[in-house]
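To start, the structure under review is shown below, and the notes come after it.
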Amino acid sequence: MDELMAQRVAKLDTLRAAGVDPYPPRSTRTHTAADVTAIVEAFAEGSDHAGGVEVDVAGRVVARRDMGKATFIDLLDGSGRIQVLLRQNALGGHWYESLRLVDLGDFVGVHGVPMKTRTGQPTVGATSWTMLAKALHAPPEKYHGLADVEARQRHRYLDLMANEETRRVFTTRSRVVSAIRRFLDARGFLEVETAVLQEEPGGAAARPFKTYFNALDEERFLRISLELHLKRLVVGGFERVYELGRIFRNEGLSTKHNPEFTMLELYQAYADYYDIARLVEEMVSTVAHEALGSMVFNFRGDEIDLTPPWRRITLHDALREHGGLELDEFPTEAALRVELRRRGLPAIPETGGWGKLVDTAMSHYVEPRLIQPTFLLDYPVELSPLAKRKPGNPRLVERFEAFIGGFEAGNAYTELNDPIDQRSRFDEQLKLRNAGDDEVEMLDEDFMFALEHGMPPTGGLGIGIDRLLMILTEQPSIRDVILFPQLKSLKE
RNA sequence: GGGCCGCUAGCUCAAUUGGCAGAGCAAGUGACUCUUAAUCACUAGGUUGUAGGUUCGAGUCCUACGCGGCUCACCA
């Protein structure tokens with residue numbers, strides 16, 4: 001035990017020896033910090049007190065200014081900060097003296113009267129105080145806060161207690177998620193919960209996490225998307241469903257990727273991808289307005305305006321506009337590969353077909369330039385085995401991805417509901433897999449059985465909530481919007 | 001996984017060419033009854049991420065490892 005902790009334990013023992021429980025089971029709080037501030041601000045003009053009102057406040061001691069026979073303490077509670085003035089002749093000598101047992105980081109309760117100091121600051125003039133919970137470690141530095149990125153992520157509680165900005169990000173996250181629910185609930189969507197542990201992880205091309213189900217003596221996978229289960233529900237007759245849930249992909253970490261992340265997926269019967277595009281821009285802008293009161297955000301140095309309508313451009317046109325690449329001139333995998341090599345693109349995939357190469361070109365030329373919210377429309381069929389083909393052009397599907405701030409934030413299609421085509425698409429995926437592409441969509445027989453019973457024309461959507469939050473809270477890394485991001489363990 | 005950068009007191013940061021490891025906050029003692037990054041005086045606090053190596057001498061140079069950040073690859 002280090003010296004600082006030993007000092008605090010000694011104070012704790014002193015309290016106990018005096019018959020004081022340093023961890024009492026409850027407090028008698030009657031007012032929050034914000035309540036007291038409101039009371040003081042309602043004082044009559046020229047008055048510095050409210051006749052007869054007494055309050056009990058409680059919170060963590062975040063600053064302390066010792067003035068001899070008077071001490072100022074700043075308490076932080078869930079509503080904010082409030083200053084407390086403890087004076088010897090208001091508390092009595094014994095209780096003032098025992099203030100020396102109060103350290104930064106302790107939780108204390110204070111009984112007193114709302115008042116203004118000479119400078120007009122709302123303050124509780126204390127008549128008594130109580131220890132509510134003794135802290136055995138010093139909190140992070142009071143002025144600079146906690147800066148070390150690793151410490152902030154490993155010990156998020158320290159980040160939250162030290163950094164106002166962190167508290168803002170995560171209260172915003174909560175408000176955004178509840179605004180999304182309100183938006184969808186108001187439009188007749190039914191919120192559902194589907195299986196996290198799955199026999200066959202489908203709905204996306206990603207490596208899954210594996211786990212083991214002891215009772216059944218079978219392997220299970222953590223879900224990599226919500227799609228196939230939600231579509232089963234549309235088959236079952238739920239016309240508008242959504243799920244806000246955690247999904248898991250056994251892949252790398254980056255400023256845009258965390259292995260577990262929160263996805264919103266929704267499915268709307270009798271809608272197509274154009275309907276979904278309108279829904280997305282309306283939902284995101286409404287949620288931004290409700291949760292943050294603004295539709296304009298500063299993200300990585302760019303000003304991003306979420307006001308609808310968002311730009312719509314086909315992938316085909318975007319490649320011409322941003323890359324000078326005319327896809328029609330390179331209609332085969334071989335021709336496109338030669339062209340991309342000639343252009344010197346990095347990381348050209350060896351497997352995966354024409355669609356994968358189009359995706360590579362898109363990532364290189366288009367994606368980084370889509371700073372303002374943009375719907376990129378009509379993708380190669382090979383990349384989208386669950387989306388409906390575009391009438392008149394069977395190489396493309398009715399799909400868009402929504403880009404904001406230079407990365408993908410959403411993905412939507414007119415859902416494929418032709419079970420014959422769906423089965424052949426799974427077959428195509430299997431061929432790609434056999435050709436060496438290990439991240440493809442896997443056949444799910446029960447899903448096929450569902451489709452074979454008939455699914456109405458349906459529009460579907462997936463939005464990465466964490467990425468959306470990055471924009472809305474103006475945070476450059478996904479780890480800044482996830483309370484407990486995945487980190488390597490400390491081996492000792 | 002590759003490349004680059006970082007790791008010094010509980011926290012935030014210094015340390016010149018390889019030459020006695022420092023400061024602020026926090027802590028302890030004392031002064032101070034309207035302060036608010038309170039102020040003032042004094043005190044204590046270190047296996048410089050870990051393990052080796054070079055050197056008379058290593059926070060500093062070399063090697064390996066650990067953790068983190070950025071970036072590339074993969075992915076949403």
Side-chain angles (χ1 to χ4, degrees), chain A residues 1-8 10-11 48 62-74 81-91 96 100 103-105 115-123 125 135-155 158 161-163 203-207 224-225 247-263 265 346-349 352 356 359-360 363 367 401-403 407-411 437-439 462-468 470 476-479 485 487-492:
Chain A
M1 194 191 316
D2 65 46
E3 187 189 333
L4 294 178
M5 188 169 173
Q7 287 168 356
R8 285 170 179 250
K11 290 173 183 175
D48 64 354
V62 291
R64 174 177 179 147
R65 296 173 292 281
D66 224 299
M67 307 282 303
K69 295 187 177 60
T71 296
F72 289 93
I73 279 177
D74 291 348
R81 267 187 189 233
I82 188 69
Q83 177 173 269
V84 175
L85 172 57
L86 303 113
R87 298 191 307 147
Q88 187 179 60
N89 57 9
L91 287 175
Y96 189 78
R100 65 175 53 246
D103 289 304
L104 294 186
M115 54 169 279
K116 266 184 194 175
T117 60
R118 273 176 207 160
T119 56
Q121 182 171 355
T123 299
L136 300 185
H137 293 291
E141 211 254 8
K142 67 180 178 184
Y143 186 62
H144 298 91
L146 187 66
D148 181 74
V149 175
E150 182 176 358
R152 289 179 50 209
Q153 292 175 5
R154 279 193 201 279
H155 311 293
L158 296 178
M161 77 173 72
N163 298 325
R207 251 189 304 279
I224 58 174
S225 96
I247 67 177
F248 307 85
R249 297 189 182 176
N250 206 340
E251 287 158 356
L253 300 149
S254 82
T255 46
K256 289 184 288 190
H257 300 86
N258 192 62
E260 53 177 315
F261 62 103
T262 300
M263 184 79 107
E265 286 198 30
I348 297 169
K356 194 115 177 175
D359 190 48
T360 301
S363 301
E367 182 167 6
E401 291 189 309
F403 290 85
F407 59 70
E408 184 194 337
N411 181 24
D437 188 348
D438 62 348
E439 290 192 350
I463 286 189
I465 295 299
D466 313 272
R467 287 188 172 181
L468 179 62
M470 289 168 65
S477 168
I478 199 167
R479 286 187 290 275
L487 296 171
K488 197 155 180 173
S489 59
L490 300 172
K491 297 187 186 87
E492 277 190 289

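Heavy atoms only: backbone and side chains are in, while hydrogens, waters and symmetry mates are out. Below, chains carry the letters A, B, ... as their sequence lines are ordered, and counting in each starts from 1.
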Min side-chain heavy-atom separation [X]-[Y] under 4.5 Å:
X: A:Asn258; Y: A:Glu260; answer: yes
X: A:Pro139; Y: A:Leu158; answer: no
X: A:Tyr96; Y: A:Asn89; answer: no
X: A:Ile478; Y: A:Lys256; answer: no
X: A:Phe248; Y: A:Ile224; answer: no

Roughly how far apart, to the nearest Å, are [N] and [M] at atom [atom1]?
N: B:U35; M: B:U39; atom1: P; result: 13 Å
N: B:A73; M: B:A37; atom1: P; result: 47 Å
N: B:A58; M: B:A51; atom1: C1'; result: 15 Å
N: B:C5; M: B:C62; atom1: P; result: 10 Å
N: B:A41; M: B:A23; atom1: P; result: 14 Å
N: B:C56; M: B:C65; atom1: C1'; result: 29 Å
N: B:U48; M: B:U60; atom1: P; result: 10 Å
N: B:C7; M: B:U16; atom1: P; result: 13 Å

For atom [atom1] of [X] and atom [atom2] of [N], their distance in whole Å:
X: A:Ile463; N: B:A76; atom1: CD1; atom2: C1'; result: 12 Å
X: A:Glu3; N: B:U29; atom1: CD; atom2: P; result: 12 Å
X: A:Glu251; N: B:A73; atom1: CD; atom2: C1'; result: 12 Å
X: A:Asn258; N: B:G68; atom1: CG; atom2: P; result: 13 Å
X: A:Met470; N: B:A76; atom1: CE; atom2: C1'; result: 11 Å
X: A:Leu104; N: B:G28; atom1: CG; atom2: P; result: 9 Å
X: A:Leu487; N: B:G66; atom1: CG; atom2: C1'; result: 14 Å
X: A:Met5; N: B:A26; atom1: CE; atom2: C1'; result: 16 Å

Provide a list of protein-nucleic acid N or O atom pairs under 3.5 angstrom, restricted to nucleotides 9-12 of chain B.
residue: B:C11; atom: O2'; partner: A:Glu141; partner atom: N; Å: 3.0
residue: B:C11; atom: O2'; partner: A:Gly145; partner atom: O; Å: 3.4
residue: B:U12; atom: OP1; partner: A:Ala147; partner atom: N; Å: 3.1
residue: B:U12; atom: OP1; partner: A:Asp148; partner atom: N; Å: 3.0

Phosphate-side-chain proximity, [X] and [N], N/O vs OP1/OP2 below 4.0 Å:
X: A:Lys256; N: B:A76; answer: no
X: A:Arg207; N: B:C74; answer: no
X: A:Gln153; N: B:C67; answer: no
X: A:Lys11; N: B:G28; answer: yes

Protein N or O to nucleotides 6-8 of chain B N or O, pairs below 3.5 Å:
none

Distance in Å, A:Thr262 OG1 paired with A:Ile463 CD1, rounded so as to fall on 0.5 Å steps: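 Between A:Thr262 OG1 and A:Ile463 CD1, I get 13.0 Å after rounding to 0.5 Å.
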field: From A:Leu136 atom CG to A:Leu4 atom CG, the distance as rounded to the nearest 0.5 Å
entry: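 A:Leu136 atom CG to A:Leu4 atom CG measures 11.5 Å (nearest 0.5 Å).
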Residues in salt bridge (Lys or Arg N to Asp or Glu O under 4.0 Å) contact with A:Arg467, at least two apart in sequence or another chain: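 Expected list: none.
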message: Tell me whether A:Arg65 is salt-bridged to A:Asp74, with the criterion being a basic N under 4.0 Å from an acidic carboxylate O.
response: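 Salt bridge: yes.
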task: Spell out protein contact along nucleotides 30-36 of chain B as letters: B when the base is contacted, S when just the sugar-phosphate is, - when no protein heavy atom is under 4.0 Å; keep the 5' to 3' order.
output: --BBBBB
query: Contact class for A:Arg8 vs. all strands (heavy atom < 4.0 Å): base, sugar-phosphate, or nothing?
result: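 It contacts nothing in the nucleic acid.
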query: With sugar-phosphate meaning primed atoms plus P, OP1 and OP2, does A:Arg81 contact a base, only sugar-phosphate, or nothing at under 4.0 Å between heavy atoms?
result: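 Contact class for A:Arg81: none.
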query: In which stems does RNA chain B show up, taking only runs of three or more Watson-Crick or G-U wobble pairs whose two distances fall under 3.5 Å?
result: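 Ordered by first number, the stems with RNA chain B (at least 3 consecutive pairs each) read B:1-7 with B:66-72, B:10-13 with B:22-25, B:27-31 with B:39-43, B:49-53 with B:61-65.
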- prompt: Among A:Leu146, A:Asp148, A:Leu104, which residue meets the side chain to side chain contact (heavy atoms under 4.5 Å, CB included) test with A:Pro140?
  reply: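 It is A:Leu146, the one option of A:Leu146, A:Asp148, A:Leu104 that forms the side chain to side chain contact (heavy atoms under 4.5 Å, CB included) with A:Pro140.
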query: Of all residues at least two apart in sequence or in a different chain, which pass the ring-ring contact (aromatic ring centres under 6.0 Å, His included) check with A:His144?
result: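 With sequence neighbours excluded, A:His144 shows a ring-ring contact (aromatic ring centres under 6.0 Å, His included) to no residue whatsoever.
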B:A76 base stacked by A:Phe261 (centroids within less than 5.5 Å, tilt under 30°):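 A:Phe261 vs B:A76: stacking yes.
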